[in-house]
**Q** 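Provided herewith is a single structure, encoded as structure tokens, for subsequent inquiry.
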Amino acid sequence: MFPGLHAPPTRKAAGVGIKMVSHRTGIALENGSQQAMQIWFNPASGLEAAILATSGLDAGFRPDVRPADPRFGDFQANGVLPYAKERKTNPRALAVATLDKVRESGALEGMSAEIAGPGFINFTLSPEYLLRWLMTYSDAERISQGMAQENAGTVVVDFSSPNTAKEMHVGHIRSTVIGEAIARLLALKGMKALRDNHIGDWGTQFGMLIWAVKSEGYDLDNPCENAVEELQALYGRGYAHYKSGDEAAALVREELVKLQDGDAENMRIWRRITEISKESFDRIYKRLGIRFDMTLGESFYCDKVERVYKELCACALAVEDQGALVVFHPEHKRFATQPFIIRKGDGASNYASTDLATILYRVEELGATEIIYVVDSRQSDHFEQLFLTVEKWFAATGRPLPKLRHVSFGTVLGESGKPFKTKEGGTVKLRDLLDEAVERCYAMVSEKSPELPEAERRNIAEVVGLGSVRYADLSQNRSSDYVFSWDKMLALEGNTAPYLLYAVARIHSIFRKAGLKPGECESAASAFESPEELALARKLAAFGPAMEGVLGDLRPHLLCSYLYELSGAFSAFYSANRVMVDEEPVKARRLLLCTRTLAVLETGLHLLGLQTLERM
RNA sequence: GUGGCAGUAGCUCAGUUGGAUAGAGCAGCGGUCUUCUAAACCGCAGGUCCUGGGUUCGAGCCCCAGCUGCCACGCCA
């Protein structure tokens, strides 16, 4: 552990300034000839629209343009095949005819196109087109302009959601990190993204906590340095007492009832516990650069569940069953008999009650058109039942139904393949995990770059360490479990944060050595020639299609894959092509590639919640 | 029992929702620094896509049946 490690570094603005135009909007440039060259931000969707407009085929035709295997070109349109199959015509002949029509329209200026195989249409962007693309989408702002939609709506992102009186542990990392990335991605798309931390601050655990606080005379107003640890221990002793016999259990339950009835002393204790917990959460969030627009936990909804019970009973969705109030879904194979319990037999609310009240609040008070829950996949039954219930409830009451999405994710496993635990078998505290990541990185940077001042090495360690933990999580398909491995996440090789951050630092270094700023000295650029230049330019122009995949199903790992490939293309270019050469047009175009690679890498990494460095 | 998710190179994983010869990284082997950060780059090798049927011009992807593993299923969240 190093002194001063807890001081958070100054953060750059993590979001990206955005003004939006449709991604289908291209920018037309004079080509020097009579034809104008369309420079689409996303050439795939640009081609899609152009082919659709000029093909002359029936309404059922979808060109299906996608990035192609580099052997065949930059993009390929596959849509002719299924179309021809349905109409029982020759696909290859149809592809030829379609391509002729598109070509006549002039939309393919700046690229070559040819038919291959049974009827694929392959498109290859010319070096001139690539150069103009890079000239047009010249910085992070203009790049992000290509992506947004107007009036995309208001989305509430419900993520992180720790329980009060407990320390955040490794189980919270995925929701926190993925949720933050998704909020940033949706904001980029033009949505009003509201981050809501739905903390667990109400429920049966408070009976035990309050009992323990009182019986031990614990002074909540003068907590020790790590008060949450104390709270967790108090809870443990309260729980043990609760389990020790009927009389003890009754005493504990009594404290809970008093709290729920608004008893002043118990409310005071509850409030202090919540404050102490929030301070602990905030230290983690501050370190990770995460800020919530609201923290409306379960307690916020305790006076809002009555209305839900009434409405659901009024529209006959909820029924009494074995003393509890439940919802069945007769049309569903399992939920016809597996109840959705919205009020417990003892009359108390639960997770389902507050989730229902929360949706109502988000729609009525926050104007949500979409709600996203970043919650682990074990709760998929709960969300399926919740969403089914809301659909019917809102239909019955004539409310607009928001889009409801459960963005689920798998468990973090240790290298044994079992859920990640400490050597002693306890839960791993998130604070300790982050400390260890930074500590390991400090050792690495001190070994690799001992010449840097210590303060800078500390900052590098913080950025790389935290970034590595986040990136390791985000770079994996969120739906599967993932194996936590220090060695893999901190490696310089492979799809890791250090590799990407190193690429960023190297680009900054080029400009530093040349005495230039990114964006300078590139106007004289000539068209790309070397295979490495062309491969890098192509990769840059493929940013739009990559982002489309990321946003479609909210899969940040696709952005990671793209950034990794881009970094790889840059490293290959950098090794094979010297940037600071004498010939001006060559130097200019290589500086252009450096500038654009930097802009895309930094934009992408900031979207994922990582900071970037100028040196490492 | 019902349902969900998964099974791809020795290991960890991608695979753009049905497209062309299934891709990376580790680990293994072999190369590249007097030149902008070698924390890098280039190359070689590595496959019964769990099994068996089916759908069609085309299947790792879709359908059916099995096998294996993880998870969820009445008063926790």
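Letters go in sequence order (proteins before strands), and every chain restarts at 1. The analysis underlying the following values was restricted to heavy atoms, covering all of them including side chains, and did not include hydrogens, waters or symmetry mates.
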**Q** For A:His382 and B:G74, give me the distance from atom NE2 to atom P, rounded to whole Å.
**A**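 Nearest whole value for this atom pair: 14 Å.
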
**Q** Quick one: pull up SG in A:Cys521 and CD in A:Glu584 and give me the separation to the nearest 0.5 Å.
**A**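 Answer rounded to 0.5 Å: 7.0 Å.
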
**Q** Below 3.5 Å, does any donor atom in the side chain of A:Asn78 face an acceptor in the base of B:A20, or the other way round?
**A**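 Between B:A20 and A:Asn78, which were checked side chain against base, a qualifying N/O pair under 3.5 Å is absent.
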
**Q** Could you tell me how far B:G30 sits from B:G19 if I compare only their C1' atoms? Round to whole Å.
**A**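 Straight-line distance between the two C1' atoms is 36 Å.
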
**Q** Does a sphere of radius 6.0 Å around CZ in A:Arg405 hold more than 12 heavy atoms from other residues, nucleotides or ligands, not counting ones at 6.0 Å or beyond?
**A**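 Counting neighbours around CZ of A:Arg405, more than 12 heavy atoms of other residues, nucleotides or ligands fall under 6.0 Å, so yes.
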
**Q** Which base, if any, makes a Watson-Crick or G-U wobble pair with B:C76, both distances under 3.5 Å?
**A**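 Looking at the geometry, B:C76 pairs with no nucleotide.
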
**Q** Work out how far the C1' atom of B:A77 is from that of B:A72, and round it to whole angstrom.
**A**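 These two C1' atoms come out 13 Å apart once rounded.
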
**Q** Of the candidate nucleotides B:C36, B:A40, B:A77, which contains the atom at the shortest distance from the side chain of A:Asn350?
**A**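 Nearest nucleotide to the side chain: B:A77.
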
**Q** Among B:G19, B:A72, B:U37, which nucleotide has an atom closest to any side-chain atom of A:Pro82?
**A**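 My answer, after comparing the listed nucleotides, is B:G19.
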
**Q** Is there a Watson-Crick or G-U wobble partner for B:G43 with both distances under 3.5 Å, and which nucleotide is it?
**A**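 Result: B:C29.
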
**Q** Please state how far atom CG in A:Asp381 lies from atom P in B:C75, giving the value in whole angstrom units.
**A**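 Computing the A:Asp381:CG to B:C75:P distance gives 14 Å.
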
**Q** Kindly determine whether A:Trp202 and A:Trp270 satisfy side-chain contact (heavy atoms from CB on, under 4.5 Å), including the steps that lead there.
**A** CA-CA 9 Å; A:Trp202 200 248; A:Trp270 172 80; 3.6 Å; yes

**Q** Can A:Phe120 be said to stack with the base of B:G19, given centres closer than 5.5 angstrom and planes under 30 degrees apart?
**A**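 Ring-base stacking flag not set for A:Phe120 and B:G19.
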
**Q** Under 4.0 Å, heavy atoms only, any strand: does A:Ser449 hit a base, just the sugar-phosphate, or nothing?
**A**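 Base contact.
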
**Q** Counting any heavy atom closer than 4.0 Å, what does A:Gln379 reach on the DNA or RNA strands: base, sugar-phosphate only, or nothing?
**A**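 It contacts base atoms.
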
**Q** Does A:His557 have a side-chain nitrogen or oxygen under 4.0 Å from the phosphate oxygens OP1 or OP2 of B:G15?
**A**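 For A:His557, the contact criterion (side-chain N or O under 4.0 Å from OP1 or OP2 of B:G15) is met.
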
**Q** Going from NZ on A:Lys448 to CD1 on A:Ile460, what distance comes out if it is rounded to the nearest 0.5 angstrom?
**A**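 The distance works out to 13.5 Å.
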
**Q** Is a donor-acceptor contact shorter than 3.5 angstrom present between the side chain of A:Glu493 and the base of B:G25?
**A**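 When only heavy-atom distances are counted, A:Glu493 does not reach the base of B:G25 through any donor-acceptor pair under 3.5 Å.
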
**Q** Please determine, for the side chain of A:Tyr564, which listed nucleotide (B:U21, B:G25, B:U17) has the closest atom?
**A**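 So the side chain of A:Tyr564 is nearest to B:G25.
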
**Q** Please give the distance between the C1' atoms of B:G60 and B:G15 as a whole number of Å.
**A**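 Straight-line distance between the two C1' atoms is 8 Å.
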
**Q** Would you mind classifying the nucleic acid contact of A:Phe72 as base, sugar-phosphate or nothing, using non-hydrogen atoms under 4.0 angstrom?
**A**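 Base: the residue A:Phe72, judged by heavy atoms under 4.0 Å, touches a nucleobase.
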
**Q** Measure from the side-chain heavy atoms of A:Pro339 and tell me the nearest of B:U2, B:G74, B:A40.
**A**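 Ranking B:U2, B:G74, B:A40 by closest atom to the A:Pro339 side chain puts B:G74 first.
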
**Q** Syn or anti for B:U12, given that syn means the glycosidic angle lies within 90° of 0?
**A**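 Here B:U12 takes the anti form, which means its glycosidic angle is more than 90° from 0.
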
**Q** Taking any heavy-atom pair under 4.0 Å as a contact, classify A:Lys333: base, sugar-phosphate, or nothing.
**A**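 Since only primed, P, OP1 and OP2 atoms lie under 4.0 Å of A:Lys333, the category is sugar-phosphate.
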
**Q** For a quick check of understanding: with a heavy-atom distance under 4.0 Å over all strands, which category does A:Gly345 fall into, base, sugar-phosphate or nothing?
**A**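 Since a base atom lies under 4.0 Å of A:Gly345, the category is base.
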
**Q** List in chain and number order the residues that pass side chain to side chain donor-acceptor pair (under 3.5 Å) with A:Ser446, two or more places apart in sequence or in another chain; answer none if no residue qualifies.
**A**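 Partners of A:Ser446 under the side chain to side chain donor-acceptor pair (under 3.5 Å) test: A:Arg457.
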
**Q** On the nucleotide B:A38, are OP1 or OP2 found under 4.0 Å from the side-chain N or O atoms that A:Arg506 carries?
**A**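 For B:A38, OP1 or OP2 has a side-chain N or O of A:Arg506 closer than 4.0 Å.
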
**Q** Syn or anti for B:C33, taking syn as within 90° of 0?
**A**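 Here the answer is syn: the torsion falls within 90° of 0.
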
**Q** Considering every strand and a 4.0 Å limit on heavy-atom distances, what is the contact class for A:Val326: base, sugar-phosphate, or nothing?
**A**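 Counting heavy atoms under 4.0 Å across all strands, the contact made by A:Val326 includes a base.
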
**Q** For B:G69, what is the paired nucleotide under Watson-Crick or G-U wobble rules, both distances under 3.5 Å?
**A**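 WC or wobble partner is B:C5.
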
**Q** Whether the A:His332 and A:Glu384 side chains hold a donor-acceptor pair (N or O, under 3.5 Å, no angle test) is what I'd like checked.
**A**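 A:His332 vs A:Glu384: donor-acceptor pair found between side chains.
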
**Q** I'd like the P distance from B:U37 over to B:G7, given in whole Å.
**A**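 Approximately 43 Å lies between the P atom of B:G7 and that of B:U37.
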
**Q** Between B:U2, B:G15, B:C75, which one does the side chain of A:Arg555 approach most closely?
**A**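 Closest nucleotide among those given: B:G15.
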
**Q** Is there a side-chain contact between A:Val407 and A:Tyr373 in this structure, where contact means two heavy atoms from C-beta onward sitting under 4.5 Å apart?
**A**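 Heavy-atom side-chain distance check fails, nothing below 4.5 Å.
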
**Q** May I ask which nucleotide in the shown strands pairs with B:C57, Watson-Crick or G-U wobble, both distances under 3.5 Å?
**A**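 Check on B:C57: paired to B:G19, both distances under 3.5 Å.
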
**Q** Classify the nucleic acid contact of A:Ala116 as base, sugar-phosphate or nothing, counting any heavy atom under 4.0 Å across all strands shown.
**A**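 If one applies the 4.0 Å heavy-atom cut-off, A:Ala116 turns out to touch a base.
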
**Q** Would you mind telling me which of B:U37, B:A39, B:C36 lies closest to the side-chain atoms of A:Val445?
**A**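 Among B:U37, B:A39, B:C36, the one nearest the side chain of A:Val445 is B:A39.
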
**Q** Kindly compute the distance separating OG1 (A:Thr176) from CE (A:Met168), expressed to the nearest 0.5 Å.
**A**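 One finds 4.0 Å between OG1 of A:Thr176 and CE of A:Met168.
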
**Q** Is it the case that B:A20 (base atoms only) and A:Gln76 (side chain only) share a donor and an acceptor within less than 3.5 Å, ignoring hydrogens and angles?
**A**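 It does, because a donor-acceptor pair links the side chain of A:Gln76 to the base of B:A20 below 3.5 Å.
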
**Q** Near A:Tyr309 OH, under 6.0 Å, is it more than 12 heavy atoms from other residues, nucleotides or ligands?
**A**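 Counting neighbours around OH of A:Tyr309, more than 12 heavy atoms of other residues, nucleotides or ligands fall under 6.0 Å, so yes.
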
**Q** For nucleotides B:A9 and B:C41, find the distance between their C1' atoms and express it as a whole number of Å.
**A**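 Here B:A9 and B:C41 have their C1' atoms 23 Å from each other.
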
**Q** Side-chain N or O of A:Ser485 versus OP1/OP2 of B:C13: is the shortest distance under 4.0 Å?
**A**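 No, A:Ser485 has no side-chain N/O under 4.0 Å of OP1/OP2 on B:C13.
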
**Q** Rounded to the Å, how far apart are A:Tyr471 OH and B:U12 P?
**A**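 For the pair A:Tyr471 OH and B:U12 P, the rounded distance is 20 Å.
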
**Q** Is there a side-chain polar atom (N or O) of A:Arg66 under 4.0 Å from OP1 or OP2 of B:G19?
**A**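 Affirmative; the distance criterion is met.
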
**Q** B:G23 and B:C61: how far apart are their C1' atoms, nearest whole angstrom?
**A**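 Roughly 15 Å separates the two C1' atoms.
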
**Q** Considering every strand and a 4.0 Å limit on heavy-atom distances, what is the contact class for A:Leu501: base, sugar-phosphate, or nothing?
**A**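 A:Leu501: no heavy atom of the nucleic acid under 4.0 Å.
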
**Q** Does B:G15 have OP1 or OP2 under 4.0 Å away from a side-chain N or O of A:Asn477?
**A**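 Yes, A:Asn477 has a side-chain N/O under 4.0 Å of OP1/OP2 on B:G15.
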
**Q** Could you state the CD-C1' distance from A:Glu384 to B:C71, rounded to the nearest angstrom?
**A**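 Computing the A:Glu384:CD to B:C71:C1' distance gives 15 Å.
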
**Q** Does A:Arg334 put a side-chain nitrogen or oxygen below 4.0 Å from OP1 or OP2 of B:G4?
**A**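 So the side-chain polar atoms of A:Arg334 never come under 4.0 Å of the phosphate oxygens OP1 or OP2 of B:G4.
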
**Q** Quick check for you: among B:U2, B:U16, B:U37, whose closest atom lies nearest to any side-chain atom of A:Tyr502?
**A**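 For A:Tyr502, the side-chain atoms sit closest to B:U37.
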
**Q** Could you state the atom-to-atom distance from CG of A:Leu47 to P of B:U16 in whole Å?
**A**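 Whole-Å distance recorded here is 21 Å.
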
**Q** Go through residues 569-576 of chain A and report each residue with a non-hydrogen atom lying under 4.0 Å from RNA chain B, sorted by number.
**A**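 RNA chain B contact set from residues 569-576 of chain A: A:Ser571, A:Ala572, A:Tyr574, A:Ser575.
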
**Q** Closer than 4.0 Å, any side-chain N/O of A:Lys488 to the OP1 or OP2 of B:C26?
**A**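 A:Lys488 to B:C26 OP1/OP2: no side-chain N or O under 4.0 Å.
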
**Q** Give a yes-or-no answer on whether the side chains of A:Tyr482 and A:Asn477 include a donor-acceptor pair shorter than 3.5 Å.
**A**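 Checked: A:Tyr482/A:Asn477 side chains show no N/O donor-acceptor pair below 3.5 Å.
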
**Q** Please measure how far the C1' atom in B:U2 lies from the corresponding atom in B:G18, and state the result in whole Å.
**A**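 Here B:U2 and B:G18 have their C1' atoms 31 Å from each other.
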
**Q** Work out how far the C1' atom of B:A59 is from that of B:G54, and round it to whole angstrom.
**A**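 The answer is 11 Å between these two C1' atoms.
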
**Q** Taking N and O atoms by type only, does the side chain of A:Asp64 place a donor or acceptor under 3.5 Å from a partner on the base of B:G19?
**A**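 When only heavy-atom distances are counted, A:Asp64 does not reach the base of B:G19 through any donor-acceptor pair under 3.5 Å.
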
**Q** Could you work out, with salt bridge (charged side-chain N to carboxylate O under 4.0 Å, His left out) as the rule, every residue matching A:Asp481, not counting sequence neighbours?
**A**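 A:Asp481 satisfies salt bridge (charged side-chain N to carboxylate O under 4.0 Å, His left out) with no residue once adjacent residues are dropped.
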
**Q** Once rounded to the nearest 0.5 Å, what's the spacing between atom CZ of A:Arg538 and atom CG of A:Leu540?
**A**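 If I round to the nearest 0.5 Å, the distance is 12.0 Å.
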
**Q** Can you identify which nucleotide, out of B:A20, B:C73, B:C71, has its nearest atom closest to the A:Gln338 side chain?
**A**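 Closest nucleotide to the A:Gln338 side chain: B:C73.
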
**Q** So A:Val483, base contact, sugar-phosphate only, or nothing? Heavy-atom distance under 4.0 Å.
**A**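 Sugar-phosphate contact only - A:Val483 comes under 4.0 Å of backbone atoms but never of a base.
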
